[in-house]
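Inspection log for the structure reproduced underneath, given as structure tokens.
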Amino acid sequence: MKHLLKLLDLSTEEIVDILNLADQLKYEQKHGISHQHLKGMTLGMIFQKASTRTRVSFETGMYQLGGHALFLSSKELQIGRGEPAQDTARVLSRYLNGIMIRTFEQSEVEDLAEYGSIPIINGLTDFCHPCQVLADLQTIREYKNKLDGLKFCYIGDGNNMANSLTVGCLKVGMSVSLACPDGYHPDPQVLEFAKAYKNFKLVADPKEAAADADVLYTDVWASMGQEGEAEKRKIAFKGYQINDDVMSVAKSDAMVLHCLPAHREEEITAKVFEQHAADIFDEAENRLHAQKAVMVRLMAPGK
Ligand code: CP
Ligand code: NVA
């Protein structure tokens, strides 16, 4: 594995290897065992969109691994004034040991990887959010002690989260049911990938998708960059909510996850959110551990 651009690029073995290392690093951190695998290294973090979890977990993770992280707002970089990603990649490759980028176009992340000579990590694009899903899988495995054979249900927008969750969950042997309204289905590339899996289903009815689910997941109705569509989307997504009615058809011990930030009473009720706050904030914590594993595998492959 040279980069983390999207989960479609990873084998099941690579995903499981990252989850295993993430568990080990989490254990070490909780027990005060130092793991300075990236001593003396620097990660550049380019942000074209807002972030709380991604920024803080990468920066803290890099520090815990003995390295250093640089926050690079695209507004203050020449890339924000039109310097091509190809040139930015070649320049930053001379200074840094890795780049994490959060941006709009997936092609920008792929360009950095093509032209740079250091590992590139996708910290969210309009197409996908692989770091989040690695943390999600780590959390599901912690709670359920397995992944293979579990039923995963996603309700809401067929967005970057739905794309990465579909690929990640199918690759580790889970069955995946998505409930998305017409016009808001996942990316065609993801649907093409999922077609080969008998245990994949895309339906319109949230309760049909949630039936017997072990894990339920949702995300905001309007993602970053779609603020102008918020009102239209409130109408399109009415009913695409994790609430008591949906929970009543899932397994009685089902967990509920949300990548955050959450909009209470839109995609999830405040009641269900608070009932599952432990799952959701363990999930947020695991961003730190999963991303540390990704950085070690990419930036210090021998460790
Ligand atoms: N879930 C997630 O990526 O959060 P941030 O947008 O705060 O980074
Ligand atoms: N779909 C959301 C995810 C945020 C982590 C967005 O792109 O804004």
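When a ligand or atom number is given, it counts from 1 through the structure's own listing order.
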Numbered atoms and elements of ligand 1 in range of Thr52, under 4.0 angstrom, heavy atoms: 5 (P), 7 (O), 8 (O)
Ligand 1 contact on Arg287 by region, counting heavy-atom pairs under 4.0 Å: side chain
Pairing of Lys2 and Asp9 as salt bridge, 4.0 angstrom limit: no
Polar contact flag for Cys259 and ligand 1 (N/O pairs, less than 3.5 Å): yes
Polar side-chain atom of Lys151 near backbone of Ala211 as donor-acceptor pair, under 3.5 Å: yes
Ring geometry between Phe237 and Tyr240 (parallel below 30°, tilted from 30 to 60°, perpendicular above 60°): perpendicular
Protein heavy-atom partner closest to atom 4 (O) of ligand 1 - residue, atom, separation in Å: Arg53 NE, 2.8 Å
Side chain, backbone, both or neither: Asn160 near ligand 2, heavy atoms under 4.0 Å: side chain
Sidechain-backbone polar pair: Gln241 side chain, Glu266 backbone, donor-acceptor under 3.5 Å: yes
Geometric N/O contact Arg102 with ligand 2, under 3.5 angstrom: no
Protein heavy atom at shortest distance from atom 4 (C) of ligand 2: Leu124 CD1, 3.9 Å
Distance-only N or O hit between ligand 1 and Ser51, under 3.5 Å: yes
Heavy-atom proximity to atom 6 (O) of ligand 1, best of Arg102, Met224, Met161: Arg102
Test item: His31 side-chain N/O and Tyr27 main-chain N/O as donor-acceptor pair under 3.5 Å: yes
Distance-only side-chain donor-acceptor flag, Glu267 / His258, under 3.5 Å: yes
Region of Leu260 that comes within reach of ligand 1 [heavy atoms, distance under 4.0 Å]: backbone
Subset of ligand 2 atoms that lie under 4.0 Å from at least one heavy atom of Leu260: 5 (C)
Side-chain ion pair, Lys171 and Glu14, N-O less than 4.0 Å: no
Contacting atoms of ligand 1, where contact means under 4.0 angstrom from a heavy atom of His129: 2 (C), 3 (O)
Side chain to side chain donor-acceptor pair (under 3.5 Å) partner of Asn159, the single match among Trp221, Tyr184, Tyr154: Tyr154
Short side-chain to backbone donor-acceptor contact, Asn243 and Val246, under 3.5 Å: yes
Exercise: do Asn122 and Lys6 side chains pair donor with acceptor under 3.5 Å: no
Asp219-ligand 2 polar pair, N/O distance under 3.5 Å: yes
Close N or O approach (Met224, ligand 2; < 3.5 Å): yes
Whether Lys49 lies under 4.0 Å from ligand 1, heavy atom: no
